[in-house]
Amino acid sequence: MLGVVAPWRWLLALCLRLLFLVPAGVPVRSGDAGFPKAMDNVTVRQGDSAILRCAVDSRVTRVAWLNRSQILHLGNVKWSVDPRVVLIANTKSQYSIEIQNVGIYDEGSYTCSIQTDSEPKISRMHLIVQVPPQILNISTDITVNEGSTVTLRCLATGRPEPTVTWRHYAGKSCRFVSDDEYLDIARISREQSGDYECSAANEVAAPAVRRVTVTVYYPPYISDTGNTGAFVGQKGMLHCAALAVPLAEFHWYKEDTRLSSGLDRVRIENKDHMSILSFFNVSEKDYGNYTCMASNKLGNSNASVILYGPGALQNRSNSPSGTLAATCLWCGVLYSLTAF
Ligand SMILES: *[C@@H]1O[C@H](CO)[C@@H](O)[C@H](O)[C@H]1NC(C)=O
Ligand SMILES: *[C@@H]1O[C@H](CO)[C@@H](O)[C@H](O)[C@H]1NC(C)=O
Ligand SMILES: *[C@@H]1O[C@H](CO)[C@@H](O)[C@H](O)[C@H]1NC(C)=O
Ligand SMILES: *[C@@H]1O[C@H](CO)[C@@H](O)[C@H](O)[C@H]1NC(C)=O
Ligand SMILES: *[C@@H]1O[C@H](CO)[C@@H](O)[C@H](O)[C@H]1NC(C)=O
Ligand SMILES: *[C@@H]1O[C@H](CO)[C@@H](O)[C@H](O)[C@H]1NC(C)=O
Ligand SMILES: *[C@@H]1O[C@H](CO)[C@@H](O)[C@H](O)[C@H]1NC(C)=O
């Protein structure tokens with residue numbers, strides 16, 4: 001029955017206090033050949049069992065293990081109500097108890113207290129409880145516009161306190177960015193988008209690792225266009241590529257008229273970063289200056305792309321870069337050049 005303590009136990013406890021619990025000024029003799037001799041500090045992982053050993057000899061008449069000032073076990077008698085406390089040895093040479101499924105509250109100092117014919121002695125040891133690193137709270141994936149300020153959070157626990165580091169993964173590259181639980185990115189750029197990995201490490205176990213994906217929106221930037229030559233009656237093709245997040249939508253204009261697929265004897269195909277304007281059957285009036293417009297919710301960007309006729313190609317044959325064009329004309333082969 002918990003709470004009700006037999007009178008003899010009270011008496012015993014009183015005796016123990018008088019006999020064993022040596023005043024603070026008395027030195028702990030753990031270095032000399034005398035007894036008791038408790039082991040050095042014990043380090044265990046949370047959830048494991050800790051064994052507290054105390055060396056004794058035949059002179060010992062009473063022996064106990066205490067948690068701070070509370071008696072856990074006195075000889076063969078268990079005082080602790082905690083089922084995790086188990087006596088594992090009470091022999092002529094050794095008095096040991098086990099604490100099963102150790103938790104962080106068990107950390108602290110434990111005392112082996114003995115009574116010999118001559119005098120009471122104590123020996124202290126420290127139970128150190130380790131906990132593997134764990135990430136408790138990490139920012140969720142976010143999407144921001146270029147130029148915003150972003151703060152990522154990675155709150156971790158463990159014993160000893162884990163060190164937290166952030167790494168940035170963009171494509172195949174990986175870069176250390178911070179060793180703080182909070183990662184501040186002021187005026188974020190498109191290059192700073194990607195995965196941010198938080199790693200919490202201590203010496204107890206493998207680091208805990210989690211990632212946050214940061215998506216940075218930015219307006220389109222037209223990275224590539226191709227001016228192309230084409231013959232009347234043949235097929236022709238213009239292309240336009242734009243970097244943008246989210247992906248750009250493309251529109252093509254001739255002068256101020258927007259072209260649409262199917263009509264105007266053209267087809268517009270968009271794939272990822274690229275738009276292709278195809279002419280089924282080029283006619284004289286198709287030659288000229290086209291505008292490719294790439295847009296997303298953050299803005300738009302225009303570039304002009306030219307469909308050349310054979311006349312322009314012939315004129316260009318005077319320049320070194322036109323040699324290929326001239327050869328193509330000679331051969332009468334349909335070609336598509338992007339490097340005029
Ligand atoms: C030791 O004492 C602490 C503080 O009272 C307590 O939280 C813990 O559970 C005790 N551990 C054992 C094994 O008695
Ligand atoms: C045992 O642990 C205590 C508390 O952490 C520390 O003060 C003491 O130096 C340690 N003793 C040994 C032998 O490691
Ligand atoms: C994580 O921390 C943030 C800010 O401190 C808090 O608002 C949020 O509720 C926490 N999330 C969890 C799952 O604890
Ligand atoms: C291309 O257009 C011309 C005149 O518009 C026509 O005569 C010719 O048959 C067309 N060619 C093809 C392959 O459709
Ligand atoms: C095409 O049009 C754009 C804008 O209308 C102009 O800036 C550019 O110079 C033109 N290019 C050619 C080769 O005429
Ligand atoms: C791009 O062209 C379109 C259509 O001509 C026009 O409305 C838009 O303002 C232009 N944008 C830029 C940035 O020049
Ligand atoms: C080709 O060059 C000639 C004279 O150099 C010029 O008259 C003609 O307009 C040019 N044609 C084109 C399509 O630029």
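As the structure lists them, so they are numbered: ligands from 1, and atoms in each ligand from 1. Because only heavy atoms are used, hydrogens play no part in the values below, and waters and symmetry mates are left out as well, while side chains stay in.
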Q | Closer than 4.0 Å: a protein non-hydrogen atom to atom 2 (O) of ligand 5 | A | yes
(Q) Students should be able to answer this: which protein heavy-atom is nearest to atom 4 (C) of ligand 4, and at what distance? (A) N281 ND2, 4.7 Å
Q | ligand 5 N/O within reach of S304 N/O, cut-off under 3.5 Å | A | no
Q: Please round to the nearest 0.5 Å and tell me the distance separating atom CG of N296 and atom CG of L247.
A: 9.0 Å
Q: Considering only protein heavy atoms, determine whether one is less than 4.0 Å from atom 14 (O) of ligand 5.
A: yes
Q | Polar side chain donor-acceptor pair, R153 to N137, under 3.5 angstrom | A | yes
Q. Do you see a protein non-hydrogen atom under 4.0 Å from atom 7 (O) of ligand 5?
A. no
Q | Nearest neighbour in protein (non-hydrogen) for atom 5 (O) of ligand 3 | A | R153 CD, 4.3 Å
**Q.** Over 12 foreign heavy atoms within 6.0 Å of CD, Q100
**A.** yes
Q.
Distance check, rounded to the nearest 0.5 Å: W79 atom CH2 versus N67 atom CG?
A. 14.5 Å
Q. Tell me: protein heavy atom nearest atom 10 (C) of ligand 5, and distance?
A. N289 ND2, 2.4 Å
**Q.** Protein contact of atom 9 (O) of ligand 3 - nearest heavy atom, named by residue and atom, plus distance
**A.** N137 ND2, 4.7 Å
Q: Report the part of I306 (side chain from C-beta onward, or backbone N, CA, C, O) that has a heavy atom under 4.0 Å from ligand 5; answer both or neither where that applies.
A: side chain
Q) Would S275 and N270 count as having a side-chain donor-acceptor pair, cut-off 3.5 Å? A) yes
**Q.** Within 6.0 angstrom of E249 CD, more than 12 heavy atoms from elsewhere
**A.** no
